[in-house]
**Student:** 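I'd like to ask some things about the structure below.
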Amino acid sequence: MTTTNTHVTATARLNLAKAAPKVFRALIGFDAAAREGLDPTLVELIQIRASHLNRCAYCLHMHTNDARKAGESEDRLHMVPVWREARHFFTEKEQAALALTEAVTLVADGGVPDEVYARAAAAFEEEEMAHVLSLIFTINTWNRVALSTGKVAGTDERA
């Protein structure tokens, strides 16, 4: 990226959708299957928190906008990065999902602690837990795609 006083211009990078369409379609299918049956608000909270942790501005912009469209409040969106200090904004289920999202996203920092996993397993039925984990896997993959290919925040390419 090149920064000037007035704007940011992106250096052209690989377009994964065009260069490897089967891979890209598989990621879209994985993402769609992962979110199946999950509350849309929970989906966005998970995606927002992972995107914060991965410092993926492209995905963070996209998913905060999606959350707003789904009716999420500005107050809760602002509290996602500090959810532990603002627990009263989130249900126990959401807190368990946010803790699990952090542990899985930062897995290299010490794995997924048993207490984090147990808390999530207590909050979700087995199938729902599998979908929550899968969604965490997909958003981490999408974050890596966006960061590696130089996606620019504010340029949602889904449309």
Side-chain angles (χ1 to χ4, degrees), residues 16-17 20-109 111-149 151-159:
L16 187 65
K22 273 180 88 172
V23 171
F24 196 78
R25 283 192 306 273
L27 286 174
I28 291 170
F30 181 30
D31 184 85
R35 65 182 60 223
E36 209 170 271
L38 293 178
D39 179 286
T41 300
L42 182 67
V43 167
E44 296 307 331
L45 290 175
I46 289 168
Q47 293 179 126
I48 289 166
R49 187 61 186 130
S51 297
H52 281 137
L53 295 169
N54 287 319
R55 299 179 185 166
C56 183
Y58 177 82
C59 293
L60 183 58
H61 183 264
M62 179 187 306
H63 293 297
T64 54
N65 282 339
D66 289 349
R68 284 183 193 95
K69 288 175 192 166
E72 188 57 81
S73 74
E74 289 298 318
D75 280 345
R76 280 175 35 108
L77 289 175
H78 293 297
M79 293 299 116
V80 173
V82 293
W83 67 268
R84 282 184 179 80
E85 292 77 32
R87 293 175 191 264
H88 60 285
F89 282 90
F90 304 98
T91 67
E92 176 56 37
K93 200 172 197 176
E94 291 167 340
Q95 291 176 45
L98 289 167
L100 186 63
T101 300
E102 291 175 356
V104 173
T105 300
L106 303 172
V107 70
D109 292 345
V112 177
D114 289 340
E115 62 275 6
V116 170
Y117 188 89
R119 180 180 184 188
F124 297 100
E125 298 294 328
E126 186 176 43
E127 182 179 349
E128 193 176 23
M129 177 72 163
H131 283 264
V132 167
L133 277 170
S134 297
L135 182 68
I136 297 167
F137 303 155
T138 63
I139 188 55
N140 275 281
T141 300
W142 285 124
N143 288 164
R144 282 151 179 77
V145 168
L147 290 164
S148 300
T149 61
K151 300 295 182 201
V152 177
T155 60
D156 187 342
E157 296 176 2
R158 297 175 298 176

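If you're wondering where the values come from, they're calculated on a predicted model, not measured in any experiment.
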**Student:** Let me confirm one number: the OG1-CZ distance from T149 to R144, rounded to the nearest 0.5 Å.
**Tutor:** 13.0 Å

**Student:** So which pairs with a foot in residues 126-135 pass side-chain hydrogen bond (donor to acceptor under 3.5 Å, both in side chains), sequence neighbours left out?
**Tutor:** K93-E128

**Student:** Does the side-chain contact (heavy atoms from CB on, under 4.5 Å) test come out yes or no for H63 and I139, once each step is laid out?
**Tutor:** CA-CA 10 Å; H63 293 297; I139 188 55; 3.8 Å; yes

**Student:** With heavy-atom distances below 4.5 Å as the criterion, would you say the side chains of F89 and V80 are in contact?
**Tutor:** no

**Student:** Between OG1 of T64 and NE2 of H78, what distance do you get to the nearest 0.5 Å?
**Tutor:** 9.5 Å

**Student:** Just jot down the side-chain contact (heavy atoms from CB on, under 4.5 Å) partners of E85, sequence neighbours excluded, or say none.
**Tutor:** V82

**Student:** For R87, enumerate each residue passing the side-chain contact (heavy atoms from CB on, under 4.5 Å) test, keeping only those at least two apart in sequence or located in another chain.
**Tutor:** W83, R84, Q95, R119

**Student:** Can you tell if the side chain of R35 reaches within under 4.5 Å of the side chain of I46, non-hydrogen atoms only?
**Tutor:** no

**Student:** Can you list the steps and then say if L42 with F124 is a side-chain contact (heavy atoms from CB on, under 4.5 Å)?
**Tutor:** CA-CA 12 Å; L42 182 67; F124 297 100; 3.7 Å; yes

**Student:** Take L16 and L27, measure what side-chain contact (heavy atoms from CB on, under 4.5 Å) needs, and give me the verdict at the end.
**Tutor:** CA-CA 11 Å; L16 187 65; L27 286 174; 4.3 Å; yes

**Student:** By salt bridge (charged side-chain N to carboxylate O under 4.0 Å, His left out), which residues pair with R76, not counting sequence neighbours?
**Tutor:** E72, E94

**Student:** Is there side-chain contact between R55 and L147, with at least one heavy-atom pair below 4.5 Å?
**Tutor:** no

**Student:** Just so I know, are the side chains of T105 and E102 near enough to count as touching, which here means a heavy-atom distance under 4.5 Å?
**Tutor:** no

**Student:** Calculate, to the nearest 0.5 Å, the distance between atoms CG and CD belonging to L135 and E44 respectively.
**Tutor:** 8.5 Å

**Student:** Closest approach of C56 and A146, non-hydrogen atoms and distance?
**Tutor:** SG-CB, 3.7 Å

**Student:** Only counting residues at least two apart or in another chain, list the ones meeting ring-ring contact (aromatic ring centres under 6.0 Å, His included) with F24.
**Tutor:** W142

**Student:** List in chain and number order the residues that pass side-chain contact (heavy atoms from CB on, under 4.5 Å) with P40, two or more places apart in sequence or in another chain; answer none if no residue qualifies.
**Tutor:** none

**Student:** Quick one: CD on Q47 to CG on L60, what's the gap to the nearest 0.5 Å?
**Tutor:** 11.0 Å

**Student:** For the CG atom of L98 and the CZ atom of R49, what is their distance to the nearest 0.5 Å?
**Tutor:** 7.5 Å

**Student:** Surrounding CD of E74 (heavy atoms of other residues, nucleotides or ligands, distance under 6.0 Å), is the total greater than 12?
**Tutor:** yes

